[in-house]
Amino acid sequence: MTRPLRLRFAPSPTGKLHIGGARTALFNWAYARRYGGRFVLRIEDTDPERSTKEHERAILEGLAWLGLDWDEGPDVGGPHAPYHQMQRIGRHKEYAADLLARGIAYRCFCTRERLEELARAQEAAREKSAYDGRCRDLAAEEAARRATAGESFTLRFRVQPGTTRFADRVRGDMSFDNKEVEDWVMVRSDGNPTYNFVVVCDDVDMQISHVFRGEEHLVNTPKQVLLYQAFGQEPPVFGHLPLMLGTDKKKLSKRTGDTALQDYRDRGFPRRAILNFLCLQGWALDGQTEIFGVEEFVQHFDIADVGKAGSIFDIEKFLWLSGEYIRREAPEELAENCLPFLVARGLTSEAGLRARWSWFLEVVGAERERIRTYGELADRAAYLFAPDAAVAYHDDALAAARKHAQRLETLRDYLEWLRPRVAGGVDSAAVRDATKAWVADRGLKMPALFQPLRCALTGLAGGPDLFDAMRWLGAPVVLRRLEIALERLA
RNA sequence: GGCCCCAUCGUCUAGCCCGGCCUAGGACACCAGGUUUUCAUCCUGGCGACAGGGGUUCAAAUCCCCUUGGGGUCACCA
C-alpha cells in the first residue's frame, strides 16, 4: 500500500456536470491535495450516442470555475495520456484479447432477442434476472469458428464461484457472494467495451490508488474487483459516497430541483458558497462551524469521516449559506459579481452601469442584506430600471398600499407638498426628516404614507430606506411615479 | 422481488469506531420578542430527534440480533 497516491474524477460527457458529480470531484480533489497525491481527470466518452464535445467543454469549465484543478487530464496531458477513454480503446482491446485467450472471458452468441426473452421469463417466474450462461461452456474452437464465420458476439466475464471482498473507506469492508455477480458483458457486439471493463483497464494503466465515487457504483464494484484480480493487480481503495437526494428522498433528479452545477451558477450562487455547501453534504468540519473555505476543507478532509447516509439537498440552507457569503463581500466586489446578472436580465447594459458606478455601488450596498444570490439583486433592483408606467407592483406591496383607505388623498397631498422640495434634487436626509414631520402634522401613522409611497416608487413591499430610493430614482422619476400611482392605486 | 447500503430534531449534522463527561451539541427552517418608515440584516428566547423491540453491561445514541422504514442496483448507459 505504499504506491503513489493517485485519484481521479471520470465524468461522462453525456450531460451537464451534475451537482453530485461536482461533490465527488471535490472530495477526490481534496483528498489528493491533502495527502500530496495527484488528481487526474479522465473523460469517459465511450457512449458515442450521448457524448458531446460541448458537454465535455462545459464540464471542464465547471470544474475549473470551482477551482478544482487537475494535474493530468485531456487538456493538460500527462504521463498516462490519452485522457479520453475512446482514445484508449486499443489498450482495452488488448486487455480483452488477453482475457479471452486465458479463458477468463468468453464469447457469447446470444442475441438481444434471446436475452430479452430470458429476462421476461425470469421475471415471470420471479427469479433473479441474470445471464443464464448458455454460451459459457461453448468449446473454444467452436466459438472461434462461429466468430470467424461472422456471427456476432459479445465478450462476457466468466465469474467463478467464491466471495469477492474489497475495502471501502466509507462503508467498511465489503463482501459479495459471486453467485450474485452475473457473467457480465465486457465487450459489446460492435467491439466497444463497456464501462465496467474500461474503467478498470484505465484505472490500472493510470495507476489509480483511490476510487471515491457515488454509492450507485457500489454494486458494480465486485465486477471490477474480479477484473483487477484477473489482471493480477491490486485493487484501489474504494470509498462510496452517500447519495445526494432530492426532497422526495430519491437520488437527486430534475424532478425536484436543479441538478446541474451550471443551474446554480446561473442563479448567481457565489463560487465559494457552492463549494462550502458541497463540503457539508456528507461531511462536517467539527459539528459547529458551518462556514469555512475550501482551504480549511483540504486541511481537515478525510474520506473515513464521510457519513454513510444519503443527504437531502436542502436548497433553503444553501440559499442561507449563499447569503452569508454575499454579506461578506465588499460592495465593490459584490457589484462586479452582480453586474452580469442585471445585464443578463436585460435591465441595463454593462456600459450603462459603469457610467454610474458609484450610484450602483450604493444600491448594491443597500440591498446586500436582502439578497442571497447575485441573481436576486436583479429582482430587487429591477424597479430602478423599469419604465415609470411599467413598474411591477407586487401583490404584497399592493395589498399593503390598499390597506389604507385614504391612500389617494394622502399621496396626492404628499406629491404636491414634495414637488417644490425636490426641485433641486433629492436630499435624502432632508426629505426624510421633513416627511416624518409632515406625517406627524397630519396626525397620520407612518405606514399610512410609507406603504402606498413604497408601492408607488418601487412596487415592492420592503426594501432599503425609501428616501435613498428617491435619490437613486431622481426627482422627475419620483414625481412621475407618484402621479401614475394615483391612478394605479385607485 | 433478489442482492446491497443506510437509519440522531422537518432538513444538514456533532456525538458512535475507543460504552459513562449526553437531562444529546451546532446550523437551516419555523415560532415569539427586541431594533427599524417597510422588508431584510442583526440580537434574544422557544419548538424540536437517538425508528421499534430484544439482548450484552453496574451503565447504551454509542456494542450485538431481529423487526420496521428509506434508498441504491439488477443494460450490449456511465
Side-chain angles (χ1 to χ4, degrees), chain A residues 10-15 44-47 49-51 85 108 110-112 115-116 119 122-123 126-130 152-156 168 170-172 174-177 179-182 184-190 192-196 198-199 214-222 240 242-243 245 247 249-251 277 280-291 304 307-321 323 327 366-372 380 396-397 400 432 435-436 439 445-447 449-451 453-455 458 460-467:
Chain A
S12 73
T14 52
E44 311 233 317
D45 54 352
T46 48
D47 181 352
E49 304 280 297
R50 300 189 297 149
S51 297
Q85 210 153 46
C108 171
C110 294
T111 61
R112 284 170 197 266
L115 263 16
E116 280 165 25
Q122 285 168 337
E123 190 176 347
R126 300 185 64 198
E127 291 168 8
K128 66 174 179 182
S129 69
S152 100
F153 62 89
T154 61
L155 244 39
R156 285 184 187 271
D168 190 308
V170 173
R171 323 230 151 228
M174 299 290 308
S175 86
F176 285 81
D177 189 322
K179 282 203 286 280
E180 302 303 330
V181 186
E182 66 173 325
W184 50 283
V185 173
M186 271 171 34
V187 180
R188 302 183 181 94
S189 50
D190 64 3
N192 288 126
T194 62
Y195 165 77
N196 282 121
V198 288
V199 74
E215 191 193 320
E216 70 267 31
H217 288 286
L218 193 56
V219 292
N220 281 327
T221 310
H240 288 95
L243 259 15
L245 278 20
T247 45
K249 291 183 176 250
K250 290 186 184 357
K251 205 160 68 161
F277 188 67
L280 259 12
Q281 297 287 294
W283 189 83
L285 181 58
D286 55 11
Q288 300 284 311
T289 314
E290 309 282 333
I291 300 173
K308 299 183 189 33
S311 54
I312 292 171
F313 188 90
D314 184 359
I315 188 69
E316 280 306 320
K317 184 159 183 176
F318 192 13
L319 248 6
W320 164 77
L321 190 61
R327 269 168 253 129
E367 291 288 6
R368 181 169 54 174
E369 62 227 42
R370 252 167 301 267
I371 60 172
R372 299 173 300 177
R380 295 223 47 96
D396 46 356
R432 177 163 44 236
T435 298
K436 285 181 180 174
V439 170
K445 300 260 193 215
M446 290 296 183
L449 171 68
F450 283 99
Q451 291 185 325
L453 184 56
R454 185 174 289 282
C455 182
T458 71
L460 300 170
D465 181 278
L466 252 184
F467 304 93

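Residue numbers start from 1 in every chain, and the chains themselves are labelled A, B, ... in the order their sequence lines are given, proteins ahead of strands.
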S.K.: Which whole-number value in Å describes the distance from A:Arg368 CZ to B:C42 C1'?
M.R.: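 Spelled out: CZ on A:Arg368 to C1' on B:C42 is 13 Å.
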S.K.: For B:A40, what is the paired nucleotide under Watson-Crick or G-U wobble rules, both distances under 3.5 Å?
M.R.: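 Partner of B:A40: none found under 3.5 Å.
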S.K.: Taking only residues two or more places apart in sequence, or in another chain, which ones meet A:Asp168 in a side chain to side chain donor-acceptor pair (under 3.5 Å)?
M.R.: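 By the side chain to side chain donor-acceptor pair (under 3.5 Å) rule, A:Asp168 matches A:His240.
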S.K.: Scan A:Gly282 against the nucleic acid and name what it touches under 4.0 Å (heavy atoms): base, sugar-phosphate only, or nothing.
M.R.: sugar-phosphate
S.K.: Round to a whole Å and report the spacing from CG of A:Leu319 to P of B:C12.
M.R.: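 It is 17 Å, rounded to the nearest whole Å.
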S.K.: In whole angstrom, give me the gap between the P atoms of B:A24 and B:U56.
M.R.: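 The answer is 27 Å between these two P atoms.
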S.K.: Counting only Watson-Crick pairs (N1-N3 plus N6-O4 or O6-N4) and G-U wobbles (N1-O2, O6-N3), all under 3.5 Å, who is the partner of B:A24?
M.R.: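 Paired with B:A24, as far as the under-3.5 Å criterion goes, is no nucleotide at all.
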S.K.: What does A:Leu466 touch in the nucleic acid at a heavy-atom separation under 4.0 angstrom: a base, only the sugar-phosphate, or nothing?
M.R.: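 Since a base atom lies under 4.0 Å of A:Leu466, the category is base.
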S.K.: Measure from NZ on A:Lys128 to P on B:G2 and round the result to the nearest Å.
M.R.: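 After rounding, the reported distance stands at 12 Å.
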S.K.: Mind calculating the distance between CD1 (A:Ile315) and C1' (B:G10) to the nearest angstrom?
M.R.: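 It is 17 Å, rounded to the nearest whole Å.
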S.K.: To the side chain of A:Ser311, which of B:A14, B:C12, B:G2 is closest?
M.R.: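 Of B:A14, B:C12, B:G2, B:C12 is nearest to the side chain of A:Ser311.
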S.K.: Using atom C1' of each nucleotide, how far apart are B:G20 and B:U57 to the nearest Å?
M.R.: 11 Å
S.K.: Measuring only the P atom in each nucleotide, how far is B:A61 from B:C39? A whole number of Å is fine.
M.R.: 45 Å
S.K.: Kindly write out the residues that satisfy side chain to side chain contact (heavy atoms under 4.5 Å, CB included) with A:Leu115, not counting sequence neighbours, or none if the list is empty.
M.R.: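 A:Leu115 satisfies side chain to side chain contact (heavy atoms under 4.5 Å, CB included) with A:Cys110, A:Tyr131, A:Arg156 only.
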S.K.: Roughly how many Å apart are B:C22 and B:G15, using the C1' atom of each and rounding to a whole number?
M.R.: 8 Å
S.K.: Which letter, B, S or -, goes with each nucleotide of nucleotides 67-76 of chain B from 5' to 3', with contact meaning a protein heavy atom under 4.0 Å?
M.R.: ----SBSS-B
S.K.: Just to be sure I understand the rule, does A:Phe277 reach a base, reach only the sugar-phosphate, or reach nothing, if contact means heavy atoms closer than 4.0 Å?
M.R.: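 Result for A:Phe277 = nothing.
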S.K.: Using a heavy-atom cut-off of under 4.0 Å over every strand shown, decide if A:Arg171 touches base, sugar-phosphate, or nothing.
M.R.: sugar-phosphate
S.K.: Could you tell me the separation between the CD atom of A:Gln85 and the P atom of B:A78, rounded to a whole number of Å?
M.R.: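 For the pair A:Gln85 CD and B:A78 P, the rounded distance is 8 Å.
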S.K.: Could you identify the nucleotide paired to B:A51, looking across every strand shown and requiring Watson-Crick or G-U wobble geometry with both distances under 3.5 Å?
M.R.: B:U67
S.K.: Who are the side chain to side chain contact (heavy atoms under 4.5 Å, CB included) partners of A:Gln122, not counting sequence neighbours?
M.R.: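 Side chain to side chain contact (heavy atoms under 4.5 Å, CB included) list for A:Gln122, sorted by chain: A:Leu118, A:Glu127, A:Ser129.
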S.K.: How many whole angstroms separate atom NZ of A:Lys308 from atom P of B:C4?
M.R.: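 Interatomic distance, NZ of A:Lys308 to P of B:C4: 17 Å.
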S.K.: Between B:A60 and B:A78, how far apart are the two C1' atoms, rounded to whole Å?
M.R.: 43 Å
S.K.: Given the C1' atoms of B:A51 and B:A7, what is the spacing between them in whole Å?
M.R.: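 My reading of the C1' atoms in B:A51 and B:A7 gives 7 Å.
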S.K.: Side chains of A:Glu216 and A:Leu243: closer than 4.5 Å at any heavy-atom pair?
M.R.: yes
S.K.: Base, sugar-phosphate or nothing for A:Thr435? Non-hydrogen atoms, less than 4.0 Å.
M.R.: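 Nothing: the residue A:Thr435, judged by heavy atoms under 4.0 Å, touches no strand.
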S.K.: Identify, between A:Ser175 and A:Ala284, the residue whose nearest nucleotide on RNA chain B lies closer to the 5' end.
M.R.: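 The answer here is A:Ser175.
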S.K.: Taking the P atom in each of B:C9 and B:G70, what is the distance between them to the nearest angstrom?
M.R.: 16 Å
S.K.: Pairs under 3.5 angstrom, nitrogen or oxygen only, protein versus nucleotides 21-29 of chain B, please.
M.R.:
from, atom 1, to, atom 2, distance (Å)
B:G25, O2', A:Gln288, NE2, 3.4
B:G25, N2, A:Gly287, O, 2.8
B:G26, O2', A:Gln288, O, 3.2
B:G26, N2, A:Glu290, OE2, 3.1
B:A27, O4', A:Glu290, OE2, 3.0
B:A27, N3, A:Lys317, NZ, 3.3
B:C28, O2', A:Lys317, N, 3.4

S.K.: Using whole Å, what does the distance between atom P of nucleotide B:U38 and atom CD of A:Glu367 come to?
M.R.: 16 Å
S.K.: Residues two or more places apart in sequence or in another chain: which of them pass side chain to side chain contact (heavy atoms under 4.5 Å, CB included) with A:Thr111?
M.R.: A:Glu113, A:Arg114
S.K.: How many whole angstroms separate atom CE of A:Met446 from atom P of B:U38?
M.R.: 9 Å
S.K.: Take atom C1' in B:U62 and the same atom in B:G25, then report the distance between them in whole Å.
M.R.: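 Nearest-Å result for B:U62 against B:G25 at atom C1': 16 Å.
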S.K.: Nearest of B:C3, B:A78, B:U38 to any side-chain atom of A:Tyr195?
M.R.: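 Given the options B:C3, B:A78, B:U38, the side chain of A:Tyr195 is closest to B:A78.
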S.K.: Flag the pair A:Leu466 / A:Phe450 as yes when at least one side-chain heavy-atom distance between them is below 4.5 Å, and no otherwise.
M.R.: yes
S.K.: Is the phosphate of B:U11 approached by A:Thr247 (side-chain N or O, under 4.0 Å from OP1 or OP2)?
M.R.: no
S.K.: Measure the acute angle between the ring planes of A:Tyr195 and A:His217, then classify it against the limits of 30° and 60° as parallel, tilted or perpendicular.
M.R.: tilted
S.K.: Which base sits across from B:A60 as a Watson-Crick or G-U pair, both distances under 3.5 Å?
M.R.: none
S.K.: Counting C-beta onward and ignoring hydrogens, is there a side-chain heavy-atom pair between A:Thr435 and A:Leu449 closer than 4.5 Å?
M.R.: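 Side chain of A:Thr435 against side chain of A:Leu449, heavy atoms only: contact under 4.5 Å found.
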S.K.: Is it the case that B:U41 (base atoms only) and A:Arg327 (side chain only) share a donor and an acceptor within less than 3.5 Å, ignoring hydrogens and angles?
M.R.: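 No, the side chain and the base share no sub-3.5 Å donor-acceptor pair.
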S.K.: Side chains of A:Cys108 and A:Met186, heavy atoms from C-beta outward: is any pair under 4.5 Å?
M.R.: no
S.K.: Quick one: which of B:C12, B:A40, B:A78 gets closest to the side chain of A:Arg370?
M.R.: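 Selected nucleotide (nearest to the side chain): B:A40.
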S.K.: Give a yes or no on whether A:Lys249 atom NZ has more than 12 heavy-atom contacts from other residues, nucleotides or ligands under 6.0 Å away.
M.R.: no
S.K.: Do A:Arg372 and A:Glu316 pass the side chain to side chain contact (heavy atoms under 4.5 Å, CB included) test, and can you show the C-alpha distance, the side-chain angles, and the key distance before you say yes or no?
M.R.: CA-CA 10 Å; A:Arg372 299 173 300 177; A:Glu316 280 306 320; 3.8 Å; yes
S.K.: Need one value for A:Met186: base, sugar-phosphate or nothing, where a base atom within 4.0 Å counts as base even if backbone is also close, heavy atoms only.
M.R.: nothing
S.K.: Assign each of A:Leu280 and A:Phe176 to its nearest nucleotide of RNA chain B by heavy atoms, then name whichever residue's nucleotide is nearer the 5' end.
M.R.: A:Phe176
S.K.: Side chains of A:Val170 and A:Glu215: closer than 4.5 Å at any heavy-atom pair?
M.R.: no
